[in-house]
2 protein chains.
Amino acid sequence: MAEAPKSNATIRDVARAAGVSVASVSRALNGLATIRPELRRQIEDVAAQLGYVPHAGARHLSLSRSGTIGVVLPDLHGEFYSELLRGMDNEASVRGLHLMLMVMHGEAARGVTALQTMRGRVDGLVVMAPHVPAGELLAHLPAGMPVVLLNGSGAAPGRARLRLDNHAGAQALVEHLIASGRRALVHVTGPEGNVDAEERLAGARAACARAALPLRVIRGDFTQGSGARAAEQLLRDGDGVDAIFAANDMMAIGAMMRLRGDGVPVPEQVAIAGFDDIPLAQLISPSLTTASIDIADFGGSAVARLAQVIAGNDDAALEQRRPVLVVRQSTRSNSSTTTPADRADREEA
Amino acid sequence: MAEAPKSNATIRDVARAAGVSVASVSRALNGLATIRPELRRQIEDVAAQLGYVPHAGARHLSLSRSGTIGVVLPDLHGEFYSELLRGMDNEASVRGLHLMLMVMHGEAARGVTALQTMRGRVDGLVVMAPHVPAGELLAHLPAGMPVVLLNGSGAAPGRARLRLDNHAGAQALVEHLIASGRRALVHVTGPEGNVDAEERLAGARAACARAALPLRVIRGDFTQGSGARAAEQLLRDGDGVDAIFAANDMMAIGAMMRLRGDGVPVPEQVAIAGFDDIPLAQLISPSLTTASIDIADFGGSAVARLAQVIAGNDDAALEQRRPVLVVRQSTRSNSSTTTPADRADREEA
DNA sequence: TCGCTTGATGTAACCGGTTACATCGCGCAC
DNA sequence: GTGCGCGATGTAACCGGTTACATCAAGCGA
């Protein structure tokens, strides 16, 4: 067990106390250059005794490497971001990197300029900003700042980028709904201007168009509450909707709870599907059919990719991930139905 | 809109380009000292043209302030930590502070020594380490590092500290269960060595002792899975348990899903209660009775408190927060029962 | 014995800011 | 006309590390 630091000794204090030069101390403690083993041990002893801990900031300045990467997120609400962060943290921890958090709170303008203050603070950034065009983002970055873009919109030539194939995911989901007999479909969108939301909408539209079915669209904002409101609207209108595809799981869950609260059986009368596959999706009952991203893995990959960019070996390619359709109870086809709730719970338990 | 940085100009580059000294540039850009307004504007222009962005690390070194605080968490799984982090981020953002994340991943030893590397990286730490004695934590901190302890165990004289009154919360919860007619109580604990878990157990024991009722105890580990396993064990034993109090919401939810999956009506046959009041608790159906902490607010307060400590004006007192009992559907007393699931959903919708 | 190589150690410049202190120039009072 | 004070600006030290380069001593062959 290491000694408790008694003071904030500097490397020069250690050098003085050990009767050597700062260079020797630095070398001894970093195990880098050739140094007499005996001297090294002596220096280590003195350092321990003084409770010397290197000043990370100073080291950072001279190495021009901070060992820290910045994570830029639009928000922290809900399980999506916490899973993403968890995956990032895992990967960063393995690589000995620290994570600095930056949440944009929806304020695109302020958030984007805030990125500049990252110069000299982080070695690179993983940016998820679905409401900001990639071009604008990049324009505001300190020159030469390594970046990995997550799911942004617009072109970003020469930049590493990870994207979800939202279109394919949404299309597969809606095709599943249609295949299981649903005909009157509603899509609850994400917030306006959000790329992911727009692509999911497009995917849903494509699937409906191919089947020559209409698609009703209600605007949401990715919050559980907006999903519930969409459900309310449908309850008021009462025009025989038999499937709801929400652009993310939280809205799907909001809608589901609202419908069930009003006695509408899910999935018997209305099937519900989401997008993301947050942990909650399989926990809830009926469990939620969704387009599954391995969110934590996605985050981890982003960090791994950034490490590549920082190291200078990255092909700057665009990597697409295709979500996989996970069919659960919330979209069981009405033909195979028996009784309401309790039976449903059993299937995935 | 700010200019896009074209290079990584330093303050000396700006000084040279503007034909002034670095001191003037520093003064002009920080708006600190007296400087001729005209000169200031000229310097600002040059800086903008060069796309100059101050190097945070360098500034940090000379100011010996990083504007960053470290957040040390035991884990990131589940909604508890994401809510906590969200509250911290909000408060930090208001105060213009950055957040650096450190997750201990349960490895107490490695985690504790890792704290030392925070020297020169952060201005202070908010530490939540329910499995590490406060004394040991503090012993490994760089000297003079401002700290706010969240819910640790052991004494920490002279340190700012925020704690939950786990004992009172658990006691209130169990008293509620007893008051609503439950007699055969089970407590599912958190992981061994976790202070919060131990205090909640003690609170539950106290309530039972006062009512002269026995309390069966099953060990869990705060994960949803362990809650489910506890439920399984009870199902196997089949000895008429009528209430489960889990030491956190995730385990309560795990147990609830497991029981319902097996056809055991909740709350009719078995009442279930958790602890924390994560967002999911009121989302799930039946909604979960729990001891509510305003998690985000708790996190925000911790950051605010740390800011005080850093500023040097903090009384280093221990602040206790008492969770409030939130009664929801999962513990409705069996007397008022009508039909199973659907009715239950309606109450809090 | 001397010169040269080689390995260990020390000296000082540097990373990029901030700021105490020195300097400079100007206006005003004598 | 001089001296003084004062506000604006410049110089250089400093924050705490790393490391290129200089230095020095020891070892070895001629």
Side-chain angles (χ1 to χ4, degrees), chain A residues 5 7-43 46-47 50-68 116-123 142-144, chain B residues 5 7-43 46-47 50-68 116-123 142-144:
Chain A
S7 66
N8 279 333
T10 72
I11 196 174
R12 300 186 213 265
D13 295 331
V14 177
R16 199 173 313 124
V20 298
S21 73
V22 290
S24 293
V25 177
S26 180
R27 292 193 267 253
L29 266 30
N30 291 314
L32 286 182
T34 97
I35 199 171
R36 205 156 27 103
E38 180 203 321
L39 219 210
R40 151 165 308 156
R41 231 170 331 96
Q42 180 198 333
I43 292 178
V46 173
L50 261 53
Y52 170 69
V53 179
H55 188 285
R59 174 181 245 144
H60 168 189
L61 184 56
S62 55
L63 291 178
S64 42
R65 268 202 358 138
S66 64
T68 301
Q116 300 210 340
T117 71
M118 287 295 103
R119 162 156 137 89
R121 218 183 271 281
V122 301
D123 296 339
Chain B
S7 65
N8 280 333
T10 73
I11 196 173
R12 299 185 214 265
D13 295 331
V14 176
R16 197 173 313 123
V20 297
S21 73
V22 290
S24 292
V25 176
S26 179
R27 291 194 269 253
L29 265 31
N30 289 315
L32 285 183
T34 97
I35 201 173
R36 208 157 24 103
E38 181 202 321
L39 218 210
R40 153 167 306 159
R41 231 171 329 98
Q42 181 199 331
I43 292 177
V46 173
L50 261 55
Y52 169 69
V53 179
H55 187 285
R59 174 181 245 143
H60 169 188
L61 184 57
S62 55
L63 291 178
S64 43
R65 268 201 356 134
S66 64
T68 302
Q116 299 209 341
T117 71
M118 288 293 104
R119 159 155 138 92
R121 219 183 270 280
V122 301
D123 296 338

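Convention: sequence-line order gives letters A, B, ...; per-chain numbering from 1. Here the structure is a predicted model, which means the values were calculated and not measured.
In this structure, of dT18(D), dG17(C), dA20(C), it is dG17(C) that holds the atom nearest to the side chain of Thr10(B). Of all nucleotides listed (dT11(D), dG16(C), dT9(C)), dT11(D) comes nearest to the side chain of Ser21(B). Relative to the side chain of Arg12(B), the nucleotides dG16(D), dG17(C), dT18(C) differ in distance, and dG17(C) lies closest. Picking from dA12(C), dG17(C), dT9(D) the nucleotide with the shortest atom distance to the side chain of Ser62(B) gives dG17(C). Counting only heavy atoms from C-beta on, Arg119(B) has its side chain closest to dG17(D) among dG17(D), dT18(C), dT9(D). Closest approach to the His55(A) side chain among dG16(C), dG16(D), dG10(D) is made by dG16(D) (side chain taken as heavy atoms from C-beta onward). Among the nucleotides dT9(C), dG17(D), dG17(C), the one closest to any side-chain atom of Ile11(A) is dG17(D).
Computed from coordinates, the Asn8(B) CG to dC15(C) C1' distance equals 13 Å when rounded to whole Å. To the nearest angstrom, C1' of dG17(D) lies 15 Å from CD1 of Ile43(A). Remark: C1' of dG16(D) and CG of Leu50(A) are 15 Å apart, rounded to the nearest angstrom. Taking atom OH of Tyr52(B) as the reference point, atom P of dG16(C) lies 10 Å away to the nearest angstrom. Whole-Å rounding puts the His60(B) NE2 to dG16(C) C1' distance at 13 Å. Atom pair Arg36(A):CZ and dT6(C):C1' shows a separation of 16 Å (rounding to whole Å applied). Atom CZ of Arg65(A) is separated from atom C1' of dT19(D) by 16 Å (rounded to the nearest Å). A straight line from CZ of Arg121(B) to C1' of dG17(D) spans 13 Å, rounded to a whole angstrom.
Of the two residues contacting DNA chain C, namely Leu63(A) and Val20(A), the nearest-nucleotide position lying further toward the 5' end is that of Val20(A). If you find the closest nucleotide of DNA chain D to Leu61(A) and to Gly19(B), the one lying nearer the 5' end belongs to Gly19(B). Across the interface with DNA chain D, nearest-nucleotide mapping of Val22(B) and Pro54(A) shows Val22(B) to be the residue nearer the 5′ end.
The side chain of Arg59(B) places an N or O atom within less than 4.0 Å of a non-bridging phosphate oxygen (OP1 or OP2) of dT18(C). Between Ser64(A) and the phosphate of dC15(C), there is no side-chain N or O to OP1/OP2 separation shorter than 4.0 Å. The side chain of Thr34(B) places an N or O atom within less than 4.0 Å of a non-bridging phosphate oxygen (OP1 or OP2) of dA8(D).
Of the possible donor and acceptor atoms, none in the side chain of Asp123(B) sits under 3.5 Å from a partner among the backbone N and O of Arg65(B). Thr68(A) places no side-chain N or O within 3.5 Å of a backbone atom of Val122(A) that could act as its donor or acceptor partner.
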(request) Could you walk me through whether His60(B) and His55(A) pass the side-chain contact (heavy atoms from CB on, under 4.5 Å) test, one step at a time? (result) CA-CA 11 Å; His60(B) 169 188; His55(A) 188 285; 4.3 Å; yes

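For the atom pair CD1 of Ile11(A) and CG of Leu50(A), the computed distance is 12.0 Å after rounding to the nearest 0.5 Å.
Shortest non-hydrogen contact noted between Leu29(B) and Ala47(B) is CD2-CB, 4.2 Å. Considering all non-hydrogen atoms of both residues, Thr117(A) and Ala56(B) come closest at O-CB, 4.1 Å.
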